[in-house]
Visitor: 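Quick one: the structure is below, and I'll ask about it shortly.
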Amino acid sequence: MYTFQWALNYQDSYFKDYPEVFSGGMDLNVEPVHRQGIKGQGVNVLVVDSGVDLHTEDLAPNADFSLSWNLGSNTQDPYPTNPASSSAPHGTAVAGIIAAAQNGKGVMGIAPRVNVGGVNYLEHQGIANWAAAMGGAPWSSSADVINASLGYSGAPFSYDSEDDSFTPVMRALKKLRGGKGAIYLKAAGNDFDGIECGLDEAYYDCSNPGNDEIGSKEPNTIVVAAVNAFGQSSSYSSVGSVNWISGLGGEFGNGGTYGEVATSYYSGPTIFSTDIQGCTLGYSTKSSKRTAFLRGESKRNGVPDNPDCDYAYMNGTSAATPTIAGVVALMLTANPDLGWRDVRDILRISARKVDAGYEQESPHWQGLIPYGARMDLVTNELLEELGGKDDIRPGSKVFPIDLGWQKNGAGYEHSNWYGFGLPDAARAVELAQEYKRDPALSRLDDVKIPEFQDISTWYQGDSYAEDIEEEGISNALARDFPYREITLLGTLNMAEQTVDTVQVRLSGDNVCLGSVGIAVQSPLGTMSLLKLPNDIFRSQEILAFEDYGMSSVAFYGEAAAGNWNVYLVAANPELALSYGQKNDATGETEEVISPNCFGGAAAPADYLLHAQARIIAQ
């Protein structure tokens, strides 16, 4: 089935004869690496997911049961506890993208000689099991690469606080691999075309990959977005300033026999991989309504190619993330001494810019509103004209929902859609070998994570004034909350150092978090959108939050010295919102009306907002 694996060989793919679903894209350029004999050997990859069927013919040759655990049966076979569930085959497909053997059968993994293990965390979630999966147990402690094609971004979790149990676990990953750090790759999420912000055409992601509590804001997390076979962002791929890199995830593959026929705007092939064995379990079953391939009925040249339903395909940032995990495994075969910072840097350096000018495009067939359009903060409507970073200034009533590719003060180009781009595996391995020849290039020390600094406290009301006085806050400002415009929230003054990550943290009461956006501008003029107004928290009508964190890697490598401006971008919280909500019983989308962010009442005059910021330095 190698012909279907366009992520490994785009030029010779089966899909090249179907331009409606396949043109203008690229692969990961892994074949030159394989020809060097570099195929992931000696590298341990742990798939933290729904469980993995390591007994399939394409995974068994690389299966490492000592690197695996079943949290339900407490055995070292990670086969899903409930294999008939719709989510059960997810981990087996993820594992195959990384580790399917080069054995002349089925598909081939990007790193076809790695040692692969799995754990069924999605079936048994919780902080204790997460800590065990992140190197805190004997079976996970030998992991070199951890693939987490999972996450949740629908809540304003507290970050790096007493209420945050996950961040210490993520930081402990740096101790693995003899202090070089396990390489942790996490899916950005599939929320771009979500319906929580309205039922109209999806022009922006109303979620945020940075909202996830399992490490998305930490520098040692590599957050992965998805690109399709057109070389553009996959229609579902979550957008945010934490995105570091892009992998290949494809679209939905619902047309034709293998996904080669266009059926909608979101047409195009997915990523082919392994499936739970048999025609009654997994994504590939006799009852599949999608394609003949997924029913085990497809033939090429008269020969059945999936008769036992042991192969399937999947999309999502869940599929894109293991494509990058495979590339990382190749890098570690070439140079096992790379630290987690080295791997992250090499991915960035080897990345190729894709889809230049995407912010000027539109998802609507008439091209009415571009992806980088202005949002009117008074009406909450998207305007037809393109926005820009000059719109982000005190007093402005409009706001750009995306800034496209930006070159920062260090000369690195970053995009909230794509991170630093799509890596070239051959170039990444070449760099890994260069680091091996010259160990002085390597950076095995940790980044410097300071405490958050207070940058402002705004309030209105006697009760909040009393709280502020009791806490001894001297710089509090009594003022009305500035909804419907952009305001300078605060300034962070920094001494000379080099930026790794910029973070902002908010606590509030009687504040419509869903109407609040955050933008940060560096002393060198780079602007990053950390959070958009009118996001998922608007439909949830969230009014109280504690230590809600945001993060951006867009300033990576810049000199930090000078004043960093943090802007509050506040939309109108008093307008009604018509949005979609899935009915858990039927699975159907239902229209819900939120009269406004405050349950139909006017925005309260009394409120409290406390803002903090910090720069994590290289």
Side-chain angles (χ1 to χ4, degrees), residues 1-36 38 97-98 107-111 185 187-188 222 224-237 239 243-253 258-260 262 266-273 313-317 319-331 346-359 361 404-405 412-415 417-431:
M1 299 175 192
Y2 191 76
T3 185
F4 303 130
Q5 295 189 261
W6 55 274
L8 282 74
N9 185 326
Y10 192 92
Q11 186 65 34
D12 297 326
S13 169
Y14 167 87
F15 299 103
K16 69 180 184 299
D17 295 326
Y18 300 91
E20 285 191 332
V21 299
F22 192 84
S23 63
M26 62 184 74
D27 58 36
L28 292 164
N29 197 27
V30 298
E31 287 190 350
V33 180
H34 289 175
R35 285 195 288 270
Q36 296 177 54
I38 297 172
I97 293 169
I98 303 167
V107 295
M108 188 173 77
I110 289 170
L185 299 120
I222 297 171
V224 184
V227 169
N228 62 25
F230 291 108
Q232 301 169 338
S233 178
S234 299
S235 57
Y236 47 77
S237 185
V239 168
N243 285 347
W244 184 268
I245 207 75
S246 292
L248 293 173
E251 288 294 346
F252 289 87
Y258 306 100
E260 73 275 15
Y266 300 139
S267 293
T270 58
I271 305 297
F272 282 67
S273 189
Y313 49 69
M314 72 180 298
N315 66 357
T317 55
T321 303
T323 68
I324 301 302
V327 172
V328 170
L330 299 177
M331 292 162 55
I346 288 173
L347 287 174
R348 174 186 59 79
I349 296 167
S350 68
R352 295 159 289 177
K353 182 177 179 179
V354 296
D355 200 14
Y358 70 86
E359 74 281 4
E361 300 169 1
W405 285 95
Y412 307 145
E413 289 193 271
H414 181 270
S415 154
W417 277 35
Y418 299 106
F420 292 102
L422 185 75
D424 179 318
R427 175 63 177 146
V429 166
E430 180 183 10
L431 286 164

Visitor: What heavy-atom pair brings A329 and A111 nearest, and what distance separates the two atoms?
Guide: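 For A329 versus A111, the nearest heavy atoms are CB-CB, 3.8 Å.
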
Visitor: Distance alone, cut at 3.5 Å: any donor-acceptor contact between the side chains of S235 and E251?
Guide: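 There is such a pair (donor and acceptor under 3.5 Å, judged by atom type) between the side chains of S235 and E251.
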
Visitor: State whether the side chain of Y418 and the backbone N or O of A225 hold a donor-acceptor pair below 3.5 Å, judged by distance alone.
Guide: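 Side chain of Y418 to backbone of A225: no pair is present.
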
Visitor: Mind listing the closest non-hydrogen atom pair of I271 and A319 along with its distance?
Guide: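 Result for this residue pair: CG1-CB, 4.0 Å.
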
Visitor: Looking only at non-hydrogen atoms, find the nearest pair between A428 and I346 and report the distance.
Guide: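 Shortest heavy-atom contact: O-CG2, 3.5 Å.
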
Visitor: Would you confirm whether Y10, through its side chain, and S23, through its main-chain N or O, come within 3.5 Å as a donor-acceptor pair?
Guide: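 Yes, the answer is positive, given that a donor and an acceptor are paired below the 3.5 Å cut-off.
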
Visitor: Is there a side-chain contact between Y358 and S233 (heavy atoms, below 4.5 Å)?
Guide: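 The answer is no; the side chains never approach within 4.5 Å.
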
Visitor: Parallel, tilted or perpendicular, judged at 30° and 60°: which one describes the rings of F272 and Y258?
Guide: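 Answer is tilted, since the angle falls between 30° and 60°.
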
Visitor: Of all heavy-atom pairs between S246 and P423, which one has the smallest distance, and what is that distance?
Guide: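 The answer is O-CD, 3.2 Å.
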
Visitor: In sequence, state the C-alpha distance, the side-chain angles, and the governing distance for L422 and L28, and then conclude on side-chain contact (heavy atoms from CB on, under 4.5 Å).
Guide: CA-CA 8 Å; L422 185 75; L28 292 164; 4.0 Å; yes

Visitor: Between N243 and W417, does the side-chain contact (heavy atoms from CB on, under 4.5 Å) criterion hold? Intermediate values first, please.
Guide: CA-CA 7 Å; N243 285 347; W417 277 35; over 6 Å; no

Visitor: Is it the case that more than 12 heavy atoms not belonging to E361 sit under 6.0 Å from its CD atom?
Guide: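 Above 12, so yes.
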
Visitor: Please check: side-chain N/O of S267 versus main-chain N/O of V21, any donor-acceptor pairing under 3.5 Å?
Guide: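 No, because the side chain of S267 does not come within donor-acceptor range (under 3.5 Å) of the backbone of V21.
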
Visitor: Output yes when a side-chain donor or acceptor of S415 lies under 3.5 Å from a complementary backbone atom of G404, and no otherwise.
Guide: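 The answer is no, because no donor-acceptor pair under 3.5 Å joins these two groups.
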
Visitor: Name the orientation class of the two ring planes belonging to F15 and F4 (parallel below 30°, tilted from 30 to 60°, perpendicular beyond 60°).
Guide: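 Rings of F15 and F4: tilted, 30 to 60°.
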
Visitor: If every non-hydrogen atom of W405 is compared with every non-hydrogen atom of E413, which pair is closest and at what distance?
Guide: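 Looks like CZ3-O, 3.7 Å.
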
Visitor: Out of T323, V224, I245, which one pairs with L185 under the side-chain contact (heavy atoms from CB on, under 4.5 Å) rule?
Guide: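 Among the candidates, only V224 passes.
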
Visitor: Please state whether the rings of H414 and F420 are parallel, tilted or perpendicular, taking 30° and 60° as the class boundaries.
Guide: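 Rings of H414 and F420: perpendicular, as their planes differ by over 60°.
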
Visitor: Examine distances only and state if a side-chain atom of Q5 and a backbone atom of M108 form a donor-acceptor pair shorter than 3.5 Å.
Guide: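 Yes: the side chain of Q5 pairs with the backbone of M108.
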
Visitor: Within the distance-only criterion (no hydrogens, no angle test), does the side chain of D355 pair as donor or acceptor with the backbone N or O of Q232 below 3.5 angstrom?
Guide: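 No, the answer is negative, given that no donor and acceptor are paired below the 3.5 Å cut-off.
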
